[in-house]
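One structure below.
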There are 2 protein chains.
Amino acid sequence: MSISSRFAVGIHILTLIKMNKNGVSSSEFLAGSVNTNPVVIRKIMGMLKNAGLVKVRPGIAGAELAKDLSEITLLDVYKAVNVVQDKELFSIHENPNPQCPVGRNIQHTIGPIFEIAQTALEKALGNVTVEDVERDMIEREKLNNKMLRNE
Amino acid sequence: MSISSRFAVGIHILTLIKMNKNGVSSSEFLAGSVNTNPVVIRKIMGMLKNAGLVKVRPGIAGAELAKDLSEITLLDVYKAVNVVQDKELFSIHENPNPQCPVGRNIQHTIGPIFEIAQTALEKALGNVTVEDVERDMIEREKLNNKMLRNE
DNA sequence: ATTACTTGTAATTATGATAGTTACAATTAT
DNA sequence: ATAATTGTAACTATCATAATTACAAGTAAT
């Protein structure tokens, strides 16, 4: 099991729109960087749009950010692209036996525990903004350039 | 996306073996409580056995705990049943464009962030033992019995 | 030793999510 | 008009899950 790469792609898209702010970020352009089909990008873009993170209009080339990257956490992106439903990161078997003391309590007992774990995950994502991601990339580019010059 | 119910079933099994310690916990018996096929139970049991959590022997009916429930955390069960691979809770798109500043850095940038989030999740699971689960169930049973007497 | 029961596995199936793709209507700009 | 783009629908391939059937191998009782 793995959480859909839509999440990673969503982060990629937002960061790239920002770094390409003087250019036009069409779905074709973004797809070229992610290395996927433009339709995949448009689908994800639709979700980011519904969540109020980007501005896109039919017929008009190029997406724009609806907020500053410092105001978008990874949790916002994660929620936007619907990779995990509320309280449903962990699945629990559906029809345990009500005649059994364990069967009739298991769902109520582990449900709240699973929620705590899911919340811990989401809190960690809420502590990072897409601007942090952008900053780290800029830093990595600087380091790479330095290394190239010294070779 | 959801983490396989093998995890929840694993917790169910361990708790039930304990609460049924005076009886024989065959795969058929456990399947009856989980409400699934005995083969599903045996597969999960095999994983719990490999992780050193239960003792089972071919031909001999009934599984037993290999450790006290107080020594088994939910994280141990989660690792045992292989619902999520190490560092792979979140998937990242595979071949981003190395010609693009975002494409060539995205994996290295978000990889560690995703690991932090996954670790937060796992830490939360490590804070709870299967004994805590058992205790909560016993508590719920007591409350239910009280309510029935008062009706 | 035969019988009955159990565990351990392999193989098969149905289902659902993911990611990619083609096709095309609707929209906008030149 | 023409060209380019977004937004969707529809279809496909692939994979994981969970359930199921079938059966070999092990154990226990008679």
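All heavy atoms count here, side chains included; hydrogens, waters and symmetry mates do not. On a predicted model such as this, the values are computed, not experimentally measured, just so you know. Per chain, numbering begins at 1; letters A, B, ... match sequence-line order.
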Below 4.0 angstrom, N of the basic side chain to O of the carboxylate: do A/E122 and A/K79 qualify? yes
Does B/I72 reach the side chain of B/T129, with side-chain heavy atoms less than 4.5 Å apart? no
Quickly work out the B/F7 CZ to D/dA18 C1' distance and round it to whole Å. 18 Å
Spacing of A/K55 atom NZ relative to C/dT27 atom C1', expressed in whole Å: 19 Å
Rounded distance (Å) that lies between atom P of C/dA19 and atom CG of B/N95: 14 Å
Expressed as a whole number of angstroms, how long is the span from A/I3:CD1 to D/dA16:C1'? 15 Å
How many whole angstroms separate atom CG of B/N35 from atom C1' of D/dT20? 14 Å
Are more than 12 heavy atoms, taken from residues, nucleotides or ligands other than B/E28, located less than 6.0 Å from that residue's CD atom? no
Validation row: B/L89, A/M1 side chains within 4.5 angstrom (heavy atoms): yes
Please give, in whole Å, the distance from D/dT20 P to B/I44 CD1? 14 Å
Expected output: side-chain B/R6 to main-chain B/I44 donor-acceptor under 3.5 Å: no
d(CG, B/N37; C1', D/dA22) in whole Å: 12 Å
For A/S91 and D/dT17, is the shortest distance between a side-chain N/O and OP1 or OP2 below 4.0 Å? no
Kindly assign one of parallel, tilted or perpendicular to the pair A/F7 and A/Y78, based on the angle between their ring planes and the thresholds 30° and 60°. perpendicular
Mark up nucleotides 4-17 of chain C, 5' to 3', with B wherever a protein heavy atom is under 4.0 angstrom from a base atom, S wherever such an atom reaches only the sugar-phosphate, and - elsewhere. --BBBBBB-----S
Starting from C1' on D/dT20, measure out to CD1 on B/I41 and report it in whole angstrom. 14 Å
